[in-house]
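Before any comments, here is the structure.
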Amino acid sequence: MIEKNETPITACIRETCEELGTIDSNIEIVSELDLFLSPADIIIHTFVGFIHDLESLNPNIDEVDHIFLVPLSHLLENEPLRYKNEVLVVPNKNFPYDLIPNKENYKFKSGNYDSLFYKYNDYVIWGITGKILENFLNLIK
């Protein structure tokens, strides 16, 4: 979360330090990626960067299960598994049908949301992380 008086980039560095047990001088932000808007009303400011000393990391076990590395070449050479999920509008029980055309018979539009699964050895990168990774890979291709 972005805390009071923080910018997205300072929040990113603080969160990385807290989760990976490192110091800000060990982090080099290269670029901001696209803003990520999830269908679950989450807005994420994404960044790409380097962690210079991986050996010094001390992950917070409440936040990070473990750390693994994936070669960039593997990600560029292997397309993710892609599954389409349907996104439906489900009106709340108090929805004011009386204010819209066709009342309860209104035909709400549905949409699609891709779920991506990047596989590497016994690891799978998916969910929001998979979508952010797709954005990064598309930008460098």
Side-chain angles (χ1 to χ4, degrees), residues 1-97 99-141:
M1 298 273 298
I2 298 174
E3 296 179 353
K4 188 177 178 180
N5 299 320
E6 278 187 323
T7 64
I9 196 166
T10 58
C12 169
I13 293 169
R14 177 187 50 77
E15 287 282 347
T16 303
C17 289
E18 290 173 4
E19 293 181 13
L20 297 183
T22 191
I23 55 175
D24 58 358
S25 62
N26 193 27
I27 301 168
E28 178 185 350
I29 301 296
V30 175
S31 179
E32 186 167 6
L33 298 175
D34 292 338
L35 192 65
F36 180 80
L37 307 170
S38 87
D41 290 336
I42 299 171
I43 299 172
I44 302 174
H45 297 264
T46 60
F47 297 87
V48 64
F50 294 103
I51 295 178
H52 294 289
D53 182 7
L54 296 174
E55 299 299 319
S56 69
L57 299 180
N58 184 22
N60 178 342
I61 59 171
D62 293 329
E63 301 272 348
V64 177
D65 180 58
H66 63 283
I67 296 170
F68 63 96
L69 302 175
V70 180
L72 186 56
S73 60
H74 176 83
L75 296 168
L76 291 169
E77 294 165 6
N78 295 277
E79 289 293 318
L81 299 174
R82 186 177 301 268
Y83 295 89
K84 287 212 176 286
N85 297 301
E86 190 173 9
V87 178
L88 303 174
V89 174
V90 180
N92 184 292
K93 66 180 181 176
N94 298 321
F95 188 82
Y97 286 106
L99 299 177
I100 65 173
N102 299 325
K103 312 297 182 218
E104 286 85 358
N105 295 320
Y106 184 82
K107 301 292 184 212
F108 290 96
K109 299 234 185 262
S110 64
N112 291 303
Y113 181 81
D114 284 347
S115 290
L116 307 172
F117 298 84
Y118 291 89
K119 295 170 64 175
Y120 179 71
N121 294 336
D122 292 333
Y123 297 104
V124 177
I125 302 169
W126 69 287
I128 291 173
T129 307
K131 295 294 281 183
I132 294 168
L133 180 56
E134 176 188 43
N135 175 227
F136 168 69
L137 294 172
N138 286 339
L139 290 172
I140 63 171
K141 285 182 181 176

**Residues Val70, Tyr123; criterion side chain to side chain contact (heavy atoms under 4.5 Å, CB included); working and verdict** = CA-CA 9 Å; Val70 180; Tyr123 297 104; 5.8 Å; no
Check the surroundings of atom [atom1] in [X]: do more than 12 heavy atoms from other residues, nucleotides or ligands lie under 6.0 Å from it?
X	atom1	result
Lys103	NZ	yes
Asn94	CG	yes
Leu99	CG	yes
Asp41	CG	no
Lys4	NZ	no
Leu88	CG	yes

Please check if the side chain of [X] supplies one atom and the backbone of [Y] the other of a donor-acceptor pair under 3.5 Å.
X	Y	value
Asn26	Ile51	no
Asp53	Glu55	yes
Thr46	Asp34	yes
Glu3	Ala11	no

Minimum heavy-atom distance between [X] and [Y], given as atom pair plus value:
X	Y	result
Glu15	Met1	OE2-N, 3.3 Å
Glu86	Asn112	CA-OD1, 4.1 Å
Phe136	Leu33	CB-CD1, 3.9 Å
Lys141	Leu76	CG-CD2, 3.9 Å

Counting C-beta onward and ignoring hydrogens, is there a side-chain heavy-atom pair between [X] and [Y] closer than 4.5 Å?
X	Y	value
Leu69	Leu54	yes
Ile27	Cys17	yes
Leu139	Val48	no
Tyr118	Leu133	yes
Ile2	Thr7	no
Asn60	Glu18	no
Ile125	Phe68	yes
Leu116	Lys131	yes

So, taking the atom named [atom1] in [X] and the one named [atom2] in [Y], what distance separates them when rounded to the nearest 0.5 Å?
X	Y	atom1	atom2	value
Leu81	Lys119	CG	NZ	5.5 Å
Ile9	Glu32	CD1	CD	7.5 Å
Ile140	Asn135	CD1	CG	10.5 Å
Ile61	His66	CD1	NE2	14.5 Å
Ser38	Ile132	OG	CD1	9.5 Å

**Message:** Using 30° and 60° as the class boundaries, would you call the ring planes of Tyr97 and Phe108 parallel, tilted or perpendicular?
**Reply:** perpendicular
**Asked** Parallel under 30°, tilted from 30 to 60°, perpendicular over 60°: which one fits the rings of His74 and Tyr120?
**Response** perpendicular
**Trace of the side chain to side chain contact (heavy atoms under 4.5 Å, CB included) decision for Asp24 with Thr16** = CA-CA 8 Å; Asp24 58 358; Thr16 303; over 6 Å; no
**Message:** Between Tyr106 and Phe95, is the ring centroid distance below 6.0 Å?
**Reply:**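 Between Phe95 and Tyr106, which both carry aromatic rings, the centre distance is not below 6.0 Å.
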